[in-house]
2 protein chains.
Amino acid sequence: MPTKEAAATRRLSEDLRLACMRISRRVRFESDHEVAPHQFSVLSRIEDGPLTPRALADIEKVSAPSMTRTVGCLVEDGLAERAAHPDDGRQVLVTITAQGREVLRATRARRDAWMVARVAELSAQERATLADAAKILAEIAAR
Amino acid sequence: MPTKEAAATRRLSEDLRLACMRISRRVRFESDHEVAPHQFSVLSRIEDGPLTPRALADIEKVSAPSMTRTVGCLVEDGLAERAAHPDDGRQVLVTITAQGREVLRATRARRDAWMVARVAELSAQERATLADAAKILAEIAAR
DNA sequence: TATTGTTATACTCTATAACTATA
DNA sequence: TATAGTTATAGAGTATAACAATA
């Protein structure tokens with residue numbers, strides 16, 4: 001890649017990263033009250049099916065004892081339950097409860113509300129640009 | 001706004017918010033090692049001029065004692081300095097040091113490196129879309 | 001013997017309440 | 001009396017090390 005194009009890529013990457021991080025920060029500041037960020041994160045991991053504490057610790061990149069504690073809080077608050085593993089007596093399956101699903105729904109609704117208010121003020125063309133960008137950004141984040 | 005258009009706006013807002021938050025999370029996971037997130041945040045607040053602990057606490061939405069501690073860590077690490085306020089003997093001015101500026105530069109470079117690697121793989125057209133989107137997102141975040 | 005999960009212990013960041021110095 | 005900053009103390013979240021139960 002030529003130097004000039006590389007410089008443009010660098011500038012775009014900076015602008016894009018900063019914009020994403022600032023929006024993320026605003027969303028969290030304005031709307032996260034019900035559960036702590038790491039609890040929300042774990043809750044959304046078990047949304048589509050139970051996982052073991054070990055798996056959750058690896059996914060969330062925290063230690064096993066930390067995950068034990070976080071799961072303990074979720075269970076204590078009625079947002080998740082511990083169940084025995086059918087095949088392996090050592091393992092535990094952390095399962096989301098109906099109340100846990102409700103917390104996920106409400107938190108997402110609050111977060112989205114902030115964003116909807118801003119997107120609604122844009123022009124149709126700006127929204128179209130953002131729709132294209134959202135697809136590309138989602139792919140980047142998934143790598 | 002018609003119902004159908006409102007639904008599209010809602011969907012776009014969700015997709016966009018999720019993409020931004022996931023990218024933000026990835027960037028932090030992959031590249032934040034030198035200073036803690038809240039230290040980095042405070043450091044960037046005093047980048048363009050000194051601020052008092054009170055002002056920093058308000059901006060960062062933490063308590064005054066928390067900010068006292070964070071500033072204490074920054075000072076201990078040589079990234080910031082405390083200076084007397086010229087007019088008001090009660091107040092303190094927290095000033096960034098040359099070493100503090102270097103930490104900001106290095107952390108930003110690491111964060112950008114992750115993003116540059118991904119943006120470089122995109123097509124010219126995708127980059128053009130993202131460049132337009134970055135402008136719009138920056139405006140949204142600034143509101 | 002290796003793995004899963006938990007408990008024991010310590011460190012960091014956060015908060016509220018109380019204290020000191022200055023306006 | 002009010003404000004800025006700090007110190008005292010306590011409550012979460014995180015980590016490593018040690019332990020119990022199971023494979």
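Quick caveat, the model's predicted, so the values are computed rather than measured. So that the names make sense, note that chain A is the first sequence line, chain B the second, and so on, each numbered from 1.
Evaluation of atom-type donor-acceptor distances gives a pair under 3.5 Å for the side chain of Arg90(B) against the base of dT3(D).
With rounding to whole Å, Leu93(B) atom CG is found 9 Å from dG5(D) atom P. The CE-P distance, from Met67(A) to dT16(D), rounds to 14 Å in whole Å. Rounded to an integer number of Å, the gap from Glu76(A) CD to dG11(D) C1' is 13 Å. Atom C1' of nucleotide dA21(D) and atom NE2 of His85(A) are separated by 16 Å, given to the nearest angstrom. What separates NZ of Lys61(A) from C1' of dG13(D) is a distance of 18 Å, to the nearest Å. Whole-Å rounding puts the Arg54(A) CZ to dT6(C) C1' distance at 12 Å. Here the C1' atom of nucleotide dT4(C) and the CG atom of Asp58(A) are 11 Å apart, to the nearest Å. Distance, Asp88(A) CG to dA23(D) P: 5 Å, rounded to whole Å.
Follow the hydrophobic side-chain contacts under 4.5 Å out from Leu104(B) and you reach Ile59(B) in the same cluster. Under a hydrophobic-cluster definition in which Ile, Leu, Val, Met, Phe, Trp and Tyr are linked whenever side-chain heavy atoms come within less than 4.5 Å, directly or via other members, Leu137(B) and Leu18(A) are assigned to different clusters.
Comparing dT16(C), dA17(D), dT14(C) by their closest approach to the side chain of Arg69(B) singles out dT14(C). Nearest nucleotide to the side chain of Pro65(B), out of dT16(D), dC13(C), dA17(C): dA17(C). Distance from the side chain of Ala36(A) is smallest for dG13(D) among the nucleotides dG13(D), dT4(C), dA15(D).
Trp114(A) does not carry Arg111(A) over the face of its six-membered ring by the limits of under 6.0 Å from the centre and within 45° of the normal.
Projected onto DNA chain D by closest heavy-atom contact, Ala64(B) and Ala64(A) fall at different nucleotides, the more 5' of which corresponds to Ala64(B). Place Asp87(A) and Val92(B) on DNA chain D by their nearest nucleotides, and Val92(B) ends up nearer the 5' end.
Taking side-chain N and O atoms only, Arg82(B) has a distance below 4.0 Å to OP1 or OP2 of dT6(D). The shortest distance between the side-chain N/O atoms of Thr70(B) and the OP1/OP2 oxygens of dT14(C) is below 4.0 Å. The phosphate of dC13(C) (OP1 or OP2) has a side-chain N or O of His38(B) nearer than 4.0 angstrom. Contact between the side-chain N/O atoms of Thr68(B) and the OP1/OP2 oxygens of dT6(D) is found at a separation under 4.0 Å. The shortest distance between the side-chain N/O atoms of Ser66(B) and the OP1/OP2 oxygens of dA15(C) is below 4.0 Å.
With a 4.5 Å cut-off on side-chain heavy atoms, Leu79(B) and Phe40(B) do not count as touching.
Here the closest non-hydrogen pair linking Arg54(B) and Ala64(B) is NH1-CB, 3.9 Å.
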